[in-house]
Engineer: 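Let me begin by handing over the structure; questions about it come next.
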Amino acid sequence: MITSRFMVGQIPMHLHLEILKKCNFFWLRDICNVDITQCCAKCFIGGKDNRVYYGTLHKSSAVVDIDVKQNPAAKAYYLCGLSEGFVWELNTHVAFVPDRNSEIHIENDRIKLDITNARRIHFWDYVPNPPGNFTKSQRTCRNWIFANYLKDGMPL
């Protein structure tokens, strides 16, 4: 089981997401544990914030401006954005943790994202190799890779 290092004194995080180009949707989850037998969002065990999902669902432009609902048992948080047509290279993946001294800023032709009091976790070079048989879809899924990153105790 993954334990949290943020249980004592939560740091308020604020997420401001602007959709600039039509997307399928974005979702935000807190991650308390992982299940690497699953793929995509199903590999994350924790709560989901439907304000992000419904605020971006099939929108050409939108603004989601929220305080992130924090779970004291969360190990990390994950924002995933699925591009129109589910084009893998155009999807957004942002893993983050509360950090009073940091801010996340991403801007491209599809989105503008700011998360205050948060630090991004850079995991995209991580190559998990868990025992067992896993599909190519799992092994290339950014969510599955991050689930393994957490399971393997990599630095947050």
Engineer: Side-chain heavy atoms under 4.5 angstrom apart, residues restricted to Ile, Leu, Val, Met, Phe, Trp, Tyr: same cluster for Phe44 and Phe134?
Structural biologist: yes

Engineer: Does a side-chain heavy-atom distance below 4.5 Å link Val52 with Trp27?
Structural biologist: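 With C-beta onward as the side chain, the pair stays apart.
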
Engineer: Using every non-hydrogen atom in the two residues, find where Arg100 and Pro12 come nearest and quote the distance to one decimal.
Structural biologist: NH1-CD, 4.2 Å

Engineer: Using the side chain to side chain contact (heavy atoms under 4.5 Å, CB included) criterion, which residues pair with Ile104? Sequence neighbours excluded.
Structural biologist: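 Side chain to side chain contact (heavy atoms under 4.5 Å, CB included) list for Ile104, sorted by chain: Val94, Phe96, Ile106, Ile115, Ala118, Arg120.
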
Engineer: For Asn24, check side chain to side chain contact (heavy atoms under 4.5 Å, CB included) against everything at least two apart and list the hits.
Structural biologist: His58, Leu82, Phe86

Engineer: Restricting to ring-ring contact (aromatic ring centres under 6.0 Å, His included), what partner residues turn up for His122, sequence neighbours left out?
Structural biologist: Trp124

Engineer: I'd like to check the salt bridge (charged side-chain N to carboxylate O under 4.0 Å, His left out) partners of Lys21; sequence neighbours left out, ordered by chain and number.
Structural biologist: Asp109

Engineer: Between Arg51 and Lys69, does a side chain to side chain contact (heavy atoms under 4.5 Å, CB included) hold up when you go through it step by step?
Structural biologist: CA-CA 10 Å; Arg51 298 173 297 171; Lys69 292 179 184 175; 3.5 Å; yes

Engineer: Flag the pair Asp152 / Tyr126 as yes when at least one side-chain heavy-atom distance between them is below 4.5 Å, and no otherwise.
Structural biologist: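 Side chain of Asp152 against side chain of Tyr126, heavy atoms only: contact under 4.5 Å found.
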
Engineer: What distance separates Thr116 OG1 from Asp99 CG, expressed to the nearest 0.5 Å?
Structural biologist: 11.5 Å

Engineer: Please give me the minimum heavy-atom distance between Cys80 and His93, naming the atom from each residue.
Structural biologist: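 Between these two residues, the closest heavy atoms are SG-CE1, 3.6 Å.
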
Engineer: Can you measure from OG1 (Thr37) to CG (Asp35) and round to the nearest 0.5 angstrom?
Structural biologist: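 These two atoms lie 3.0 Å from each other.
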
Engineer: Given side chain to side chain contact (heavy atoms under 4.5 Å, CB included), test Gln38 with Ile45 step by step and report yes or no.
Structural biologist: CA-CA 10 Å; Gln38 300 294 314; Ile45 299 168; over 6 Å; no

Engineer: Does Asn50 reach the main-chain N or O of Tyr53 with its side chain, forming a donor-acceptor pair under 3.5 Å?
Structural biologist: no

Engineer: Regarding Asn71 and Tyr77, is there a side-chain donor-to-acceptor distance under 3.5 Å anywhere?
Structural biologist: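 Per modelled atom types, Asn71 and Tyr77 side chains form no pair under 3.5 Å.
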
Engineer: Looking at Gln70 and Pro72, what are the two nearest heavy atoms and their distance?
Structural biologist: O-CD, 3.9 Å

Engineer: Test side chain to side chain contact (heavy atoms under 4.5 Å, CB included) on Cys23 and Ser83; report intermediate values, then the result.
Structural biologist: CA-CA 4 Å; Cys23 67; Ser83 65; 5.7 Å; no

Engineer: Starting from Leu20, walk the hydrophobic network (Ile, Leu, Val, Met, Phe, Trp, Tyr; side-chain heavy atoms closer than 4.5 Å) and list everyone else you reach, by chain and number.
Structural biologist: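 Cluster partners of Leu20: none, it stands alone.
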
Engineer: Going by atom types only, do Glu103 and His105 share a side-chain donor-acceptor pair under 3.5 Å?
Structural biologist: no

Engineer: Please round to the nearest 0.5 Å and tell me the distance separating atom CG of Asp65 and atom CG of Leu17.
Structural biologist: 10.0 Å

Engineer: If you look at every heavy atom in Ala76 and Ile121, which pair is closest and at what distance?
Structural biologist: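 So the two residues come closest at CB-CD1, 4.1 Å.
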
Engineer: Evaluate the side chain to side chain contact (heavy atoms under 4.5 Å, CB included) criterion for residues Asn91 and Glu89: first the C-alpha distance (whole Å), next the side-chain angles of each, then the deciding distance (0.1 Å), finally the verdict.
Structural biologist: CA-CA 6 Å; Asn91 293 344; Glu89 301 85 16; over 6 Å; no

Engineer: With heavy-atom distances below 4.5 Å as the criterion, would you say the side chains of Asp30 and Asp49 are in contact?
Structural biologist: no

Engineer: Report yes or no: do Leu79 and Val63 belong to one cluster of Ile/Leu/Val/Met/Phe/Trp/Tyr joined by side chain heavy-atom distances under 4.5 Å?
Structural biologist: no

Engineer: Supply the atom-to-atom distance Ser61 OG to Glu18 CD, rounded to the nearest 0.5 angstrom.
Structural biologist: 10.0 Å

Engineer: Side-chain donor-acceptor pairs under 3.5 Å in residues 143-150, sequence neighbours left out?
Structural biologist:
residue: Asn143; atom: ND2; partner: Tyr78; partner atom: OH; Å: 3.2
residue: Trp144; atom: NE1; partner: Ile36; partner atom: O; Å: 2.8
residue: Asn148; atom: ND2; partner: Trp144; partner atom: O; Å: 2.9
residue: Tyr149; atom: OH; partner: Pro155; partner atom: O; Å: 2.6

Engineer: Distance check, rounded to the nearest 0.5 Å: Phe123 atom CZ versus Met154 atom CE?
Structural biologist: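 Between Phe123 CZ and Met154 CE, I get 12.5 Å after rounding to 0.5 Å.
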
Engineer: What's the separation between atom OG in Ser102 and atom CD1 in Ile11, rounded to the nearest 0.5 Å?
Structural biologist: 9.0 Å

Engineer: Any side-chain heavy atom of Arg139 sitting closer than 4.5 Å to one from Pro130?
Structural biologist: yes

Engineer: Using side chain to side chain donor-acceptor pair (under 3.5 Å), reason through Asp114 and His14 one step at a time and then give a plain yes or no.
Structural biologist: CA-CA 8 Å; Asp114 287 292; His14 187 83; over 6 Å; no

Engineer: Write down the atom of Cys39, the atom of Ser137, and the distance for their closest heavy-atom approach.
Structural biologist: SG-O, 3.9 Å

